[in-house]
There are 2 protein chains.
Amino acid sequence: MSGVVKNANPSFLNGVPELLILQLLAQQERYGYDLIKAIQARTQAQLSFGEGCIYPHLHHLEEAKLLASSRRRVEGRDRVYYRLTARGRKRLAALARDWDRVATGVSLVLGGQHA
Amino acid sequence: MSGVVKNANPSFLNGVPELLILQLLAQQERYGYDLIKAIQARTQAQLSFGEGCIYPHLHHLEEAKLLASSRRRVEGRDRVYYRLTARGRKRLAALARDWDRVATGVSLVLGGQHA
DNA sequence: TTGACATACCTCACGGTTTAAGGTATGAGT
DNA sequence: ACTCATACCTTAAACCGTGAGGTATGTCAA
């Protein structure tokens, strides 16, 4: 096609899906489609990620033993439920620290007028 | 070579260099090498970006008319000083809004236990 | 019963971005 | 003479969200 432009790599979102997935699964078991809706709901629609972002993450995180899954039929729906493993909890802690580092650094510069 | 692994795209840093460059140049004129040191200093070493990240950004931002440069000899050194244009100021405002969006969204999920 | 829509899963090419490493040149200090 | 910091530059590689594609099933109204 001509004129097809993809707005790839939006600012500041790198790594955020993984962080949110781990954090949300740390609180309760969820399936992919639900995670996508949960991210929109919990962030008050400030953030939203597509299926092409979330599903590959879930597969990769499970392969890395950070998540474990079980395919089940619930409410008349076939779903793949994911839950956090012990390793996943460690990664979440590390990622949360990374986020704090970056957020702190940015704040120091952005809000640094009155410092 | 064998065993050469690059840790590209670290979490949460996407877009941060551009935001910091624009913010720092909004306060005062700076040259590339100084920007790199200033980012380390102003973020209390929480953040640090290499020359291979900063210099291409400066070139690209100038090409997009968000920055203007002037090559000068100061303190016995040949330097390329950059300053923000009016367009650059608008981009900075937009980027800062984006940052707030993401930071707010992440906070809502991470700090959402007591909400 | 047909159609539309939401649910629920999956995959892929593309584009943008930081990293790590390479390079050149000059000034300062020993 | 040597080393180090300054100051600029470029490039390949790896990564990751987007946007679009696909399949299948459940629900509900017309």
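Convention: sequence-line order gives letters A, B, ...; per-chain numbering from 1.
A heavy-atom distance below 4.0 Å to DNA chain C is reached by these residues of residues 63-80 of chain A, ordered by number: A/Arg77, A/Asp78, A/Arg79, A/Val80.
With hydrogens and angles disregarded, a donor-acceptor distance shorter than 3.5 Å links the side chain of A/Thr85 to the backbone of A/Lys65.
In this model, no side-chain donor or acceptor of B/Lys6 finds a partner on the base of C/dA21 within 3.5 Å.
Computed from coordinates, the A/Leu47 CG to D/dC16 C1' distance equals 16 Å when rounded to whole Å. Atom CG in B/Leu35 sits about 16 Å away from atom C1' in D/dC9, given to the nearest Å. Here the P atom of nucleotide C/dT17 and the CG atom of A/Asn7 are 9 Å apart, to the nearest Å. Regarding B/His59, its NE2 atom lies at a distance of 12 Å from the P atom of D/dT11, rounded to whole Å. In this structure, the CZ atom of B/Arg30 is 13 Å from the P atom of D/dC8, given to the nearest Å. One interatomic measurement links the two molecules: NZ of B/Lys37 to P of D/dC4, which rounds to 15 Å at whole-angstrom precision. Between the CD atom of B/Glu18 and the C1' atom of C/dT18 there is a distance of 13 Å, rounded to whole Å. Rounding to whole angstrom units, CD1 of residue B/Ile54 and C1' of C/dT17 are separated by 12 Å.
B/Thr43 and A/Gly105 get closest at one heavy-atom pair: CG2-O, 3.6 Å. Taking every heavy atom of both residues into account, B/Ala64 and B/Arg87 meet most closely at O-NH1, 3.4 Å.
Checking D/dC8, C/dC9, D/dG17 against the side-chain heavy atoms of A/His57 singles out D/dG17 as nearest. Looking at the side chain of A/Ala8, the nearest of the listed nucleotides C/dT19, C/dG16, C/dT11 is C/dG16. In this structure, the nucleotide among C/dC10, D/dG17, D/dT6 sitting nearest to the side chain of A/Pro10 is D/dG17. Among the nucleotides D/dA7, C/dA8, D/dT18, the one closest to any side-chain atom of B/Tyr33 is D/dA7. Across C/dG16, D/dC9, C/dT19, the shortest atom-to-atom separation from the side chain of A/Asn9 is found for C/dG16.
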Requested in this report: Under the side-chain hydrogen bond (donor to acceptor under 3.5 Å, both in side chains) rule, what do A/Arg83 and A/Tyr81 come out as? Steps first, then yes or no, please.
Outcome: CA-CA 7 Å; A/Arg83 61 186 176 283; A/Tyr81 282 85; over 6 Å; no

Report task. Go through the steps to decide whether B/Thr104 and A/Gln46 satisfy the test side-chain hydrogen bond (donor to acceptor under 3.5 Å, both in side chains), and finish with yes or no. Result -> CA-CA 8 Å; B/Thr104 298; A/Gln46 304 280 295; 4.7 Å; no

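By the 30° and 60° cut-offs, the orientation of the rings of B/Trp99 relative to A/Phe12 is perpendicular.
Within the nucleic acid shown, A/Gly52 comes within 4.0 Å of at least one base atom, counting heavy atoms only. When heavy atoms are screened at a 4.0 angstrom cut-off, B/Glu51 is found touching base atoms of the nucleic acid.
Checking A/Arg79, A/Arg77, A/Arg73 one by one against A/Glu75, the salt bridge (charged side-chain N to carboxylate O under 4.0 Å, His left out) holds for a single residue, A/Arg79.
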